[in-house]
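Scroll down for the structure; my scribbles are underneath it.
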Amino acid sequence: MEHLQEHEASLEQTQRYCVQRPIYNEELLQGQLHRRERTPQTLRQKIAHSCRCSSKKAKSHLYSCIPILKWLPRYPVKEYLLGDIISGISTGVMQLPQGLAYALLAAVPPVFGLYSSFYPVFLYTFFGTSKHISIGTFAVISMMVGGVAVREVPDEMIPVGYNSTNVTDSLDFDARDTKRVQVAVTLAFLSGIIQLCLGLLRFGFVAIYLTEPLVRGFTTAAAVHVFTSQLKYLLGIKTSRYSGPLSVVYSIAAVLSKITTTNIAALIVGLTCIVLLLIGKEINLRFKKKLPVPIPMEIIVVIIGTGVSAGMNLSESYRVDVVGNIPQGLRAPAVPDIQLIPAIFVDAIAIAIVGFSMAVSMAKIFALKHGYAIDGNQELIALGICNFVGSFFQSFSITCSMSRSLVQESTGGKTQIAGALSSIMVLLVIVAIGYLFEPLPQTVLAAIVMVNLKGMFKQFGDIAHFWRTSKIELAIWVVAFVASLFLGLDYGLLTAVAFAMITVIYRTQSPQYRILGQIPDTDIYCDVEEYEEVKEYPGIKIFQANASLYFANSESYTSALKKKVSKENSLIMGGRGSTLKKWWLSLSFIYLLSQSNDVEASVKHEIANDELPVNGRFAEASVQDMSPDEQERFVEPKPNIHSLILDFTPVNFVDSVGAKTLKSIIKEYKEVGVRVCIASCSAPVMNELTRLSFFDNTVTREWLFHSIHDAVLACQVKARSGSQADSDL
């Protein structure tokens with residue numbers, strides 16, 4: 001295999017190609033090509049075409065909206081069913097404890113985590129396009145939901161007992177939890193509607209604005225928020241929950257202020273569970289290839305914790321907080337509280353976008369690995385349906401879980417059947433054996449949440465990675481982390497997105513400028529400052545900027561062009577070509593005067609005006625006495641540059657300001673005898689220049705060339721013909 005690759009590499013290096021063709025400028029090229037005739041459709045025709053429906057088109061739309069109708073009839077039972085069953089069971093045993101644990105993050109009773117692990121997961125089987133992601137509760141989304149619930153229903157709003165001196169001990173927890181459930185359910189309802197609308201409007205591209213450094217910095221900050229919120233459960237202390245800016249600081253301060261009231265029994269149980277979970281994860285990681293399925297340490301810890309708590313009566317004997325009442329059966333559907341929508345609308349947008357971004361990023365990874373395609377817009381619709389319909393059955397916002405998705409894929413899951421089986425396992429717990437988990441200590445759930453944050457905390461290693469690769473991406477990561485940590489997840493996300501957009505503007509305003517030269521005997525042009533072998537053509541400058549030309553960078557483009565071109569061969573340092581032309585005329589006039597009999601009087605007159613040289617040559621003082629603006633505008637031109645080529649290969653668009661700037665550059669250099677050409681201009685940019693009335697009698701398509709090499713050859717031909725004409729004179 002290696003020998004074959006070496007042979008192919010040697011063939012590539014020895015291959016040669018030779019092409020003979022005319023030098024193409026854009027006018028000549030367009031004259032030889034024939035455009036396809038397209039009849040423009042009227043608005044009425046477009047509407048009629050979009051509304052026209054055939055049986056084939058209706059079937060295609062139906063399969064697109066409900067993907068299960070397409071893949072289920074072709075489901076290979078013998079090949080896929082066993083893997084899906086094993087994967088579904090393995091994922092289900094993770095779904096159960098995580099649903100209970102993440103409900104604490106969402107500030108709702110644990111049973112609502114089970115509801116959120118059943119309804120949305122089952123619905124995704126019908127509407128989702130990814131075969132491997134596990135939909136359900138997720139730490140980051142649960143934390144965002146909990147922050148909104150605590151903000152809208154703080155502990156201070158709930159009445160307390162009259163005879164109690166400790167507020168946290170005497171709150172009416174049932175009333176508080178009921179109101180927070182209403183907030184969480186309405187949030188799921190609204191985020192589902194937003195995702196549905198974005199999907200139907202084909203807005204799946206919004207996820208691209210959540211770039212990878214931004215998402216990783218955001219989720220790392222969310223991990224710190226989650227870890228901080230679980231400290232009180234691990235230590236068995238009672239503190240208020242905070243939301244909004246600096247909530248993580250207030251939470252840590254509250255925990256430290258109550259640290260002396262730590263419940264030792266709860267701490268021992270929690271730390272024991274953390275150790276067991278870490279050992280289990282390490283074993284699963286090290287013996288991944290040897291184990292048929294990962295060891296389900298989470299459900300094992302839940303079962304052990306429940307048994308120990310029930311046997312030792314930890315709740316009564318040691319005052320360890322437990323899960324408590326888990327009602328059997330499913331609740332009747334109920335309409336969310338619509339009156340809460342104005343207060344939580346912005347939060348719903350953030351949750352909808354973050355949830356979709358998490359799901360589609362994981363879906364793309366698995367789709368690329370297993371060779372199938374996903375539809376981003378349909379994923380939005382699927383998540384919207386899961387959240388919208390689930391909200392009527394008291395589930396809170398959900399998305400894809402990274403840890404469960406990895407388990408579902410690694411244990412042999414092939415299709416969405418695995419997710420459906422995992423949801424059925426959760427359903428069995430809800431309707432049959434949920435009451436068995438009532439003695440489960442909350443510190444066990446806190447341990448599960450904390451250990452599952454291990455992967456997110458590893459993202460701190462991104463700092464070193466981005467430091468080596470991209471300082472701008474490092475800045476995005478740091479801003480996303482710091483803003484989300486101290487401003488809260490909602491405002492932090494908005495800040496991070498705004499900063500990421502600013503970096504895009506910064507990059508287009510501060511592009512890299514290069515002078516290109518030719519690799520000898522090729523049509524390849526590279527940066528002359530980068531490679532020793534690259535040489536410039538005599539009399540020709542090739543200028544490239546790796547950005548589009550528009551209002552924000554047109555001035556810097558002009559400035560950089562003049563600096564780069566004037567670095568070795570000074571032509572125009574700034575100002576107008578007409579001024580330079582007048583200066584040359586006055587220089588010639590003074591030379592003629594110096595040959596006449598009135599030289600002395602003329603020279604005295606000109607020295608008094610301090611404008612023109614003495615006896616045909618500059619006096620040193622006259623240059624020094626020039627104003628800085630005049631010195632900057634022009635220096636003595638040298639006749640060794642006759643052509644300037646602007647490489648438009650990296651240019652994606654040009655606006656009206658950019659077109660005017662370009663025209664001004666062509667005009668200025670033309671007045672001092674320099675021909676300006678544009679090379680490698682794409683068709684969309686050409687169309688924009690045409691719409692902006694860039695081409696006229698002074699600037700024609702003859703100035704535009706298909707490639708840099710075409711432009712160079714054309715400039716050489718023009719230079720030779722010009723030299724020949726001068727010699728004939």
Value rounded to 0.5 Å, distance of [atom1] in [X] from [atom2] in [Y]:
X: Ser401; Y: Leu406; atom1: OG; atom2: CG; value: 8.5 Å
X: Met94; Y: Ser405; atom1: CE; atom2: OG; value: 9.5 Å
X: Tyr233; Y: Gln442; atom1: OH; atom2: CD; value: 6.0 Å
X: Phe218; Y: Ile476; atom1: CZ; atom2: CD1; value: 15.5 Å
X: Phe356; Y: Cys400; atom1: CZ; atom2: SG; value: 12.0 Å
X: Ser247; Y: Leu487; atom1: OG; atom2: CG; value: 10.0 Å

- request: Check the pair Thr220 / Gln459 against side-chain hydrogen bond (donor to acceptor under 3.5 Å, both in side chains), numbers first and verdict last.
  value: CA-CA 6 Å; Thr220 306; Gln459 293 177 159; 2.8 Å; yes
For the student: nearest non-hydrogen atoms of Ser116 and Ile398, plus distance: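 Heavy-atom minimum between the residues: O-CG2, 3.6 Å.
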For the student: nearest non-hydrogen atoms of Thr219 and Met358, plus distance: CG2-CE, 3.0 Å
message: Quick one, Leu105 with Ser229, criterion side chain to side chain contact (heavy atoms under 4.5 Å, CB included). Give me CA distance, side-chain angles, the key distance, then yes/no.
response: CA-CA 7 Å; Leu105 288 177; Ser229 69; 3.4 Å; yes
More than 12 non-hydrogen atoms from neighbouring residues, nucleotides or ligands closer than 6.0 Å to [atom1] on [X], yes or no?
X: Tyr506; atom1: OH; result: no
X: Tyr318; atom1: OH; result: no
X: Phe466; atom1: CZ; result: yes
X: Phe460; atom1: CZ; result: yes

Verify whether one side chain among [X] and [Y] offers a donor that lies under 3.5 Å from an acceptor in the other.
X: Gln408; Y: Ser87; value: no
X: Asp84; Y: Thr415; value: yes
X: Thr129; Y: Glu379; value: yes

query: Can Val121 and Ser422 be said to form a side chain to side chain contact (heavy atoms under 4.5 Å, CB included), step by step?
result: CA-CA 8 Å; Val121 181; Ser422 69; 3.9 Å; yes
task: Walk me through it: do Leu489 and Leu493 pass the test side chain to side chain contact (heavy atoms under 4.5 Å, CB included)?
output: CA-CA 6 Å; Leu489 297 179; Leu493 179 64; over 6 Å; no
- prompt: Aromatic ring centroids of Phe388 and Phe189 under 6.0 Å?
  reply: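 Ring-ring flag for Phe388/Phe189: true, centres closer than 6.0 Å.
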Ring centroid separation His225 to Phe486 under 6.0 Å: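 No, ring centres 6.0 Å or more apart.
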Given 3.5 Å as the limit, does a donor-acceptor pair link the side chain of [X] with the main chain of [Y], or not?
X: Arg180; Y: Val153; value: yes
X: Thr228; Y: Val248; value: no
X: Ser484; Y: Ala480; value: yes
X: Asn452; Y: Ser403; value: no

query: Which word best sums up how the rings of Tyr115 and Phe112 line up, parallel for under 30°, tilted for 30 to 60°, or perpendicular for over 60°?
result: perpendicular
message: Which label fits Trp477 and Phe481: parallel for a plane angle under 30°, tilted from 30 to 60°, or perpendicular past 60°?
response: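 Answer is parallel, since the angle falls under 30°.
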task: Show the numbers, then the answer: is there a side chain to side chain contact (heavy atoms under 4.5 Å, CB included) between Leu187 and Ile351?
output: CA-CA 9 Å; Leu187 198 56; Ile351 289 173; 3.3 Å; yes
task: Tell me whether the guanidinium CZ or amine NZ of Lys131 lies under 6.0 angstrom from the six-membered ring centre of Tyr372 and within 45° of its axis.
output: yes
